[in-house]
Amino acid sequence: MKIAVLPGDGIGPEIVAEAVKVLKTLGRKFDLEMAPVGGAAFDIAGHPLPAATLTLAKDADAILFGAVGDWKYDSLPRELRPEQAILGLRKNLELFANFRPAICYPELTSASSLKAEIVGGLDILIVRELNGDIYFGQPRGIRSSELPLFKGAREGFDTMHYSEPEVERIGKVAFEAARKRSKKVCSVDKANVLETSQLWREVMIRISKNYPDVHLSHMYVDNAAMQLVKAPKEFDVVVTGNLFGDILSDEAAMLTGSIGMLPSASLDINNKGLYEPSHGSAPDIAGKGIANPLATILSTAMMLRYSFGMGIEADRVESAVQKVLAQGLRTLDIYTDGTQKVSTREMGDAVVKALS
Ligand code: NAD
């Protein structure tokens, strides 16, 4: 099992190091090969996704990704900015299905900014389409406005589109996932305003006929944003497009106490996947040894389950995380009175100890 390890920027190398320790503790042989990505790759090779890194990612059975981005690259042209690396990997490897579970561990209920009765026991799954939508749509750019009122002024524009097969394949992934959970899918769109969403909804209704055991509901994205903080436990599987999913999954992250707890998987049609924490490179805390490595460690559990079919090992990693939380160990982002503050490395070591 070959794993491409791409730590990236900011806290990426710190949190990936802890996840690698966990993988090495499992007693299974993983062939881990490391390569630079994002700003770190730009500094070495002049590109955020060098050809060698892309080849390694293509050849590997799975990819463990840290995070990319740093303010110091803000003045680079868009195509050279670190964030292009993750977009490029998703596109080149056809990783179209993003799984973002949002689970509120009982031990962390008090770390959430919402009331315990609203988030306690939360376990929802956001399935976000990753390869389409306004992030990749053409044409896009900055041009001179033709609007009578603003004629000649600079105007930014992007294009939102989804083809029927794109909606179908993400819809199927969501329905299949719901079959293994509580058989509810909520499709989130903006069908009252956008043609793209009207087609999205039409396709979801059509494919739902193949899943009579799964209940399909629809919600406009603005309402979904409200309901996620009002009654998040009403949801089970949420399926949505790239743009809406980006925003809603970060919102869902905060329900769980910290974005530092949320893993994610981005899968292709054959379940080859890129596994990364849901958060970014957190340049504000990079190098301080305080980042929470648990989202990355939990991402390796998703890797074991989805790409390698190693459910028992995945359960072991998740139980080890739960054990260290039950022991009261907390990185700064999830620290509350009465718990024990630990560093990134100490948290990783504790998971390794719980595993072994
Ligand atoms: P961010 O997720 O990096 O940070 C948001 C906040 O959460 C910060 O206060 C940060 O300190 C905190 N945080 C994030 N991860 C944490 C962890 N593991 N432990 C403790 N605290 C944590 O988002 P941002 O600040 O908007 O973006 C920073 C950079 O990351 C930008 O360059 C952005 O483009 C990039 N980014 C990359 C990815 C990716 O690599 N997939 C995703 C999102 C953002």
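Residue numbers count from 1 along this sequence. Whatever order the structure lists ligands and atoms in, that order sets their numbers, starting from 1. As a basis for the values below, the full set of heavy atoms in this structure was taken, side chains included, without hydrogen atoms, waters or symmetry mates.
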Got the closest protein heavy atom to atom 29 (C) of ligand 1, with its distance?
Ser281 OG, 3.2 Å

If every non-hydrogen atom of His279 is compared with every non-hydrogen atom of Ile259, which pair is closest and at what distance?
CD2-O, 3.5 Å

Any nitrogen or oxygen of Val68, side chain or backbone, less than 3.5 Å from one on ligand 1?
yes

Suppose I only count heavy atoms of Gly260 and a 4.0 Å limit; which atoms of ligand 1 are within that range?
17 (C), 18 (N)

Identity of the nearest option to atom 22 (C) of ligand 1, non-hydrogen atoms only, from Asp250, Ile285, Asn292, Asp333
Ile285

What I want to know is whether Glu276 and ligand 1 share at least one N or O pair that is separated by under 3.5 angstrom.
yes

Could you tell me whether Lys21 and Glu18 make a salt bridge, using a distance below 4.0 angstrom between a side-chain N and a carboxylate O?
yes

Pro277 and ligand 1 - part of the residue with a heavy-atom distance under 4.0 Å
neither

Looking at Glu107 and Arg330, does any basic side-chain N land under 4.0 Å from a carboxylate oxygen?
no

Minimum non-hydrogen distance to atom 2 (O) of ligand 1, winning option of Gly280, Gly10, Ser258
Gly280

Counting only heavy atoms closer than 4.0 Å, does ligand 1 sit against the backbone of Leu332, its side chain, both, or neither?
neither

Tell me the contacting part of His279 for ligand 1: side chain, backbone, both, or neither, using a 4.0 Å heavy-atom threshold, strictly below.
both

In the protein, what heavy atom is nearest to atom 32 (O) of ligand 1, and what distance, to one decimal place, separates them?
Glu83 OE2, 2.8 Å

Near Ala291 (heavy-atom distance under 4.0 Å), the atoms of ligand 1 are 19 (N)

Rounded distance [0.5 Å steps], OG1 in Thr339 versus CD1 in Ile334
8.0 Å

Look only at the side chain of Asn98 and the backbone of Glu129, and say whether a donor-acceptor pair between them is shorter than 3.5 Å.
no

Using a strict threshold of under 4.0 Å (side-chain N to carboxylate O), is an ion pair present between Arg179 and Asp213?
yes

Check: Leu255 main-chain N/O paired with Ser112 side-chain donor or acceptor under 3.5 Å
yes

Check each atom of ligand 1 against the heavy atoms of Gly69 and keep those under 4.0 Å away; list them by number with element.
32 (O)

Which bit of Asp70 is near ligand 1, meaning a heavy atom under 4.0 Å away: side chain, backbone, both or neither?
backbone

Under 4.0 Å from any heavy atom of Ala67, which atoms of ligand 1 are there?
40 (O)

Would one find an N or O of Ile259, backbone or side chain, under 3.5 Å from an N or O of ligand 1?
no

Answer yes or no: is there a side-chain heavy-atom contact under 4.5 Å between Leu54 and Leu89?
yes

